[in-house]
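Presented below is the structure to which this report refers.
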Amino acid sequence: MTRNLSFWLMKSEPYKYSWDDLKRDGSTYWDGVRNYGARNNLKAMKKEDLSFYYHSNEGKEIVGISKVIKEFYQDPTTDDDRWVVVEIEPIKDMKTPVSLAMVKADAALSGMALVTQARLSVQPVTRSEFKRVLSMGNTSL
DNA sequence: GCCAACGTTGGC
DNA sequence: GCCAACGTTGGC
């Protein structure tokens with residue numbers, strides 16, 4: 001974590017596309033975002049940025065860290081040119097997954113979008129939040 | 001440009 | 001399965 005990276009968090013329901021699915025595939029394009037806020041975050045992502053992988057509905061925990069390998073382009077699953085995807089690849093498992101309950105219980109993370117904007121599926125994460133979650137997950141890069 | 005109706009997300 | 005939160009749509 002030496003360069004000027006930005007940090008993110010992306011949500012997926014594990015029965016639709018899980019962290020294990022991403023590891024199996026090696027990389028994927030992040031399709032299906034149909035919300036302007038989340039779309040704007042996708043557009044702001046730069047190559048090499050890091051993103052937590054969060055399992056919503058089932059698990060409700062941050063399970064891994066992925067890296068942006070290709071910046072945004074038109075979502076190939078729709079003709080509507082408002083929507084975009086980025087490509088990511090898995091970098092590392094969280095040694096200990098960090099649950100939503102742990103995030104909510106931690107004062108240092110009270111401002112995380114995961115708590116304050118629960119429905120946003122692609123969220124910015126600050127550097128301090130990123131480091132804090134890594135620490136809580138006994139994980140280093 | 002307001003706002004009511006509607007649809008979706010996602011925690012519980 | 002329920003429902004609160006909130007984003008989107010469309011009538012006016």
Side-chain angles (χ1 to χ4, degrees), chain A residues 1 3-141:
Chain A
M1 283 207 292
R3 293 188 306 107
N4 194 24
L5 302 173
S6 295
F7 304 98
W8 309 95
L9 179 148
M10 296 157 104
K11 293 183 185 178
S12 184
E13 298 178 53
Y15 53 87
K16 289 183 180 168
Y17 194 84
S18 71
W19 176 243
D20 282 344
D21 291 331
L22 178 58
K23 289 197 291 182
R24 180 201 62 214
D25 291 348
S27 69
T28 195
Y29 58 82
W30 202 256
D31 67 328
V33 170
R34 297 292 182 268
N35 167 283
Y36 290 111
R39 188 279 311 269
N40 291 345
N41 289 331
L42 287 179
K43 285 188 164 185
M45 289 184 183
K46 298 298 182 190
K47 200 171 174 181
E48 305 294 325
D49 281 358
L50 298 173
S51 180
F52 286 130
Y53 201 102
Y54 176 80
H55 280 163
S56 60
N57 282 296
E58 290 177 10
K60 283 169 287 186
E61 57 191 9
I62 295 165
V63 291
I65 302 152
S66 66
K67 180 174 79 172
V68 177
I69 57 171
K70 187 165 184 179
E71 293 174 17
F72 78 90
Y73 56 93
Q74 161 83 40
D75 186 335
T77 65
T78 177
D79 291 332
D80 189 333
D81 63 10
R82 291 177 298 173
W83 308 119
V84 302
V85 299
V86 299
E87 292 185 10
I88 60 172
E89 70 179 17
I91 294 299
K92 197 155 199 172
D93 294 349
M94 294 299 286
K95 187 174 177 188
T96 306
V98 175
S99 68
L100 179 62
M102 290 164 67
V103 169
K104 284 184 168 176
D106 191 83
L109 297 178
S110 62
M112 264 191 96
L114 194 61
V115 179
T116 62
Q117 288 178 266
R119 292 183 49 198
L120 190 60
S121 63
V122 180
Q123 321 182 336
V125 174
T126 67
R127 174 174 290 268
S128 62
E129 289 165 351
F130 193 84
K131 290 167 76 173
R132 177 69 182 156
V133 171
L134 284 184
S135 166
M136 288 169 71
N138 301 305
T139 303
S140 57
L141 290 173

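Since the model is a prediction, treat every value here as computed from it, not as a measurement. Note on naming: letters A, B, ... go to the chains in the order of the sequence lines (proteins, then strands), and numbering restarts at 1 for each one.
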Nearest heavy-atom approach of A:V86 to A:L42 is CG1-O, 3.5 Å
Under the salt bridge (Lys or Arg N to Asp or Glu O under 4.0 Å) rule, what pairs show up with a residue in residues 101-126 of chain A, not counting sequence neighbours? A:D106-A:R132
Which residue pairs satisfy the salt bridge (Lys or Arg N to Asp or Glu O under 4.0 Å) criterion with at least one member in residues 27-46 of chain A, sequence neighbours excluded? A:R34-A:D75
Students should find that the nucleotides of DNA chain B closing off the region near chain A, any atom under 4.0 angstrom from a heavy atom, are B:dG7 to B:dC12
Would you say the side chain of A:V68 lies within less than 4.5 Å of the side chain of A:S51, judging by non-hydrogen atoms? no
Measure the shortest side-chain to side-chain distance between A:K11 and A:L114 over non-hydrogen atoms and say whether it is less than 4.5 angstrom. yes
Hey, could you give me each pair passing side-chain hydrogen bond (donor to acceptor under 3.5 Å, both in side chains) that has a residue in residues 53-71 of chain A? Not counting sequence neighbours. A:E13-A:N57
Ring centroid separation for A:F130 and A:F52, is it under 6.0 angstrom? yes
Residues touching DNA chain C, which here means a heavy atom under 4.0 Å, drawn from residues 113-126 of chain A: A:R119
What's the angle between the local helix axes at either end of the helix from B:dG1-C:dC12 to B:dC12-C:dG1, using five pairs per end and rounding to 10 degrees? 10°
Touch class at under 4.0 angstrom, heavy-atom based, for A:N35 against every strand present: sugar-phosphate
Using side-chain hydrogen bond (donor to acceptor under 3.5 Å, both in side chains) as the criterion, list what pairs up with A:N40, not counting sequence neighbours. none
Residues at least two apart in sequence or cross-chain that pass side-chain hydrogen bond (donor to acceptor under 3.5 Å, both in side chains) with A:D80, listed by chain then number, are A:R82
Quick one: which residue pairs count as a ring-ring contact (aromatic ring centres under 6.0 Å, His included) with a foot in residues 106-125 of chain A, not counting sequence neighbours? none
Ring pair (Phe, Tyr, Trp, His ring centres under 6.0 Å) filter on A:Y36, not counting sequence neighbours, yields A:W83
Pair up each side-chain donor or acceptor in residues 134-141 of chain A with any protein partner under 3.5 Å, not counting sequence neighbours, and list the distances.
residue	atom	partner	partner atom	Å
A:N138	ND2	A:T96	OG1	3.0
A:T139	OG1	A:K95	N	2.8
A:T139	OG1	A:G137	O	2.7

What residues in residues 99-109 of chain A put a non-hydrogen atom under 4.0 Å from any atom of DNA chain B? A:L100, A:K104
